[in-house]
Amino acid sequence: SGSITRFAGTSASVIPSNIATYTFDNLEISNTAGASLNGQLTGTNLNSGITINAGGIFNLNNFDIAVAGDINNSGTINANADIDLAGNFISSGTYTSSGSNINVEGDWTNTGTYTFQNGDIVTLDGTSVNATVTGTTNFYELVINKSGMAANVTSGSIDITSILDLDAGTFNVSGGANVTLLSNASGTAQLDVIEGGATYSGDLIVQRFLSMSNNGWRELTSPVAGTT
């Protein structure tokens, strides 16, 4: 609800997020040459969410976002700063990180292309709502920190390149969804220590890359201890 400020056109534009006296209700980006922040977006200058339409390009330009609404992306997001959402992350477009952590209290829905930079962390957090995770995403590190709540993977495929970290809440995998700890010549993902108050429910696929450079036996075992 509320008014919408639109950034359209075919010439690059600047979103004046550095003006302390100006507050947006909703942002909508259709600019095909790119609309770039020139200051942080927070609850003081953006009341709701951000929509990037098909063909639109949104550049964070090294400025963080921490807002109460959703990001709904059908275009392109070039991210080199952190994002903290009390709402949902919904993307059918392209999200490319050159160093961007994301915190989401609501749902994670990705049917587009999400590309991380090594070291990026996506955290599903908050203590007031459950989260639903759908689509196909390859995370570098995924953290579940939802005390008293759950993150429910109900469809699609979640791949972990580095770390799956369960700090609080329940991580549920059901409905034919897959969660996979990837392994290749560059490295092997791990399930970190499951903290007290955290639970994993469902199947987990664990890969193990084996180099075939030398002949010989390879011993494989489940890398799990202290579970029931």
Side-chain angles (χ1 to χ4, degrees), residues 4 6-8 26-32 34-35 41 48-60 65 67-118 120-126 129-144 146 149-164 170-182 189 201-205 207:
I4 300 173
R6 295 183 172 93
F7 291 85
N26 298 275
L27 284 177
E28 183 177 299
I29 298 164
S30 301
N31 190 299
T32 57
L41 284 176
S48 190
I50 305 167
T51 298
I52 303 94
N53 292 324
I57 300 172
F58 179 39
N59 302 313
L60 270 62
I65 297 173
V67 295
D70 304 338
I71 283 182
N72 196 329
N73 174 41
S74 301
T76 298
I77 299 175
N78 296 313
N80 54 5
D82 294 339
I83 296 174
D84 191 347
L85 300 176
N88 306 308
F89 179 92
I90 305 164
S91 181
S92 60
T94 299
Y95 182 99
T96 302
S97 168
S98 54
S100 175
N101 297 323
I102 305 176
N103 286 59
V104 180
E105 290 190 30
D107 297 339
W108 177 279
T109 304
N110 179 51
T111 57
T113 301
Y114 167 85
T115 303
F116 62 75
Q117 177 174 282
N118 285 355
D120 283 353
I121 302 171
V122 172
T123 301
L124 303 181
D125 60 9
V129 294
N130 293 325
T132 300
V133 181
T134 57
T136 299
T137 308
N138 182 358
F139 296 100
Y140 182 81
E141 180 174 348
L142 177 62
V143 176
I144 309 301
K146 295 186 73 68
M149 294 290 149
N152 302 305
V153 185
T154 59
S155 66
S157 297
I158 301 301
D159 293 336
I160 308 296
T161 291
S162 182
I163 299 172
L164 175 58
T170 299
F171 191 47
N172 261 324
V173 183
S174 63
N178 293 316
V179 175
T180 303
L181 302 181
L182 299 177
S201 176
D203 295 336
L204 177 65
I205 300 170
Q207 296 182 353

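No experiment lies behind these values; they were computed from the predicted model shown.
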Student: Quick one: side chain to side chain donor-acceptor pair (under 3.5 Å) partners of D125, sequence neighbours excluded?
Tutor: N103

Student: List for me each residue that meets side chain to side chain contact (heavy atoms under 4.5 Å, CB included) alongside S92, sequence neighbours excluded, and say none if there are none.
Tutor: S74, T111

Student: Is there side-chain contact between I102 and T123, with at least one heavy-atom pair below 4.5 Å?
Tutor: no

Student: Could you state the interatomic distance from OG1 (T170) to CD1 (I144), rounded to the nearest 0.5 Å?
Tutor: 10.5 Å

Student: Quick one: pull up CD1 in I65 and CD1 in I83 and give me the separation to the nearest 0.5 Å.
Tutor: 4.5 Å

Student: How many angstroms lie between OG in S162 and CG in D120, if you round to the nearest 0.5 Å?
Tutor: 11.0 Å

Student: Are any side-chain N or O atoms of N80 and backbone N or O atoms of S98, one a donor and one an acceptor, separated by less than 3.5 Å?
Tutor: no

Student: Identify, with sequence neighbours excluded, every residue that meets ring-ring contact (aromatic ring centres under 6.0 Å, His included) alongside F89.
Tutor: Y95, W108

Student: Between N72 and T51, is the side-chain hydrogen bond (donor to acceptor under 3.5 Å, both in side chains) condition met? List the steps.
Tutor: CA-CA 5 Å; N72 196 329; T51 298; 5.4 Å; no

Student: What distance do L124 atom CG and L142 atom CG have between them, rounded to the nearest 0.5 Å?
Tutor: 5.5 Å

Student: When you check the side-chain N and O atoms of S48 and N26, is any donor under 3.5 Å from an acceptor?
Tutor: yes

Student: Could you work out, with side chain to side chain contact (heavy atoms under 4.5 Å, CB included) as the rule, every residue matching I205, not counting sequence neighbours?
Tutor: N178, T180

Student: Could you measure the distance from the CE atom of M149 to the CG atom of N130? Nearest 0.5 Å is fine.
Tutor: 5.5 Å

Student: Go through the structure and list residues passing ring-ring contact (aromatic ring centres under 6.0 Å, His included) with Y140, not counting sequence neighbours.
Tutor: F116

Student: Is there a side-chain contact between I71 and L85 in this structure, where contact means two heavy atoms from C-beta onward sitting under 4.5 Å apart?
Tutor: yes

Student: Considering residues at least two apart in sequence or located in another chain, which fulfil the side chain to side chain contact (heavy atoms under 4.5 Å, CB included) criterion with T113?
Tutor: T94, T115

Student: Among all residues two or more places apart in sequence or in another chain, which pass the salt bridge (Lys or Arg N to Asp or Glu O under 4.0 Å) test with E28?
Tutor: R6

Student: State whether the side chain of D107 and the backbone N or O of N88 hold a donor-acceptor pair below 3.5 Å, judged by distance alone.
Tutor: no

Student: I'd like to know if the side chain of N53 and the backbone of S30 have a donor-acceptor N/O pair within less than 3.5 Å.
Tutor: no

Student: Would you say the side-chain atoms of K146 pair up with the backbone N or O of F171, donor to acceptor, closer than 3.5 Å?
Tutor: no

Student: Got a sec, which residues hit side chain to side chain contact (heavy atoms under 4.5 Å, CB included) with I57, two or more places apart in sequence or on another chain?
Tutor: N59, T76, N78

Student: Throw together a table of side-chain donor-acceptor distances under 3.5 angstrom for residues 153-161, partners on residues two or more places apart or in other chains.
Tutor:
{"from": "T161", "atom 1": "OG1", "to": "N138", "atom 2": "OD1", "distance (Å)": "2.8"}
{"from": "T161", "atom 1": "OG1", "to": "N138", "atom 2": "ND2", "distance (Å)": "3.4"}

Student: For N152, what residues pass the side chain to side chain donor-acceptor pair (under 3.5 Å) criterion, not counting sequence neighbours?
Tutor: N172

Student: Taking side chain to side chain donor-acceptor pair (under 3.5 Å) as the test, write out the residues that go with D203, two or more places apart.
Tutor: none

Student: Identify the heavy atoms of A8 and N31 that sit nearest to each other, and give their distance.
Tutor: O-ND2, 2.9 Å

Student: Checking side chain to side chain contact (heavy atoms under 4.5 Å, CB included) for the pair L41/L27: CA distance, chi angles, key distance, verdict?
Tutor: CA-CA 11 Å; L41 284 176; L27 284 177; 3.8 Å; yes

Student: Between S100 and A81 (side chain of the first, backbone of the second, donor and acceptor by atom type, cut-off under 3.5 Å), is there such a pair?
Tutor: yes

Student: Check whether any side-chain heavy atom of Y114 lies under 4.5 Å from a side-chain heavy atom of V122, and answer yes or no.
Tutor: yes

Student: Please list, chain by chain and in numerical order, all residues satisfying side chain to side chain donor-acceptor pair (under 3.5 Å) with S91, sequence neighbours excluded.
Tutor: N73

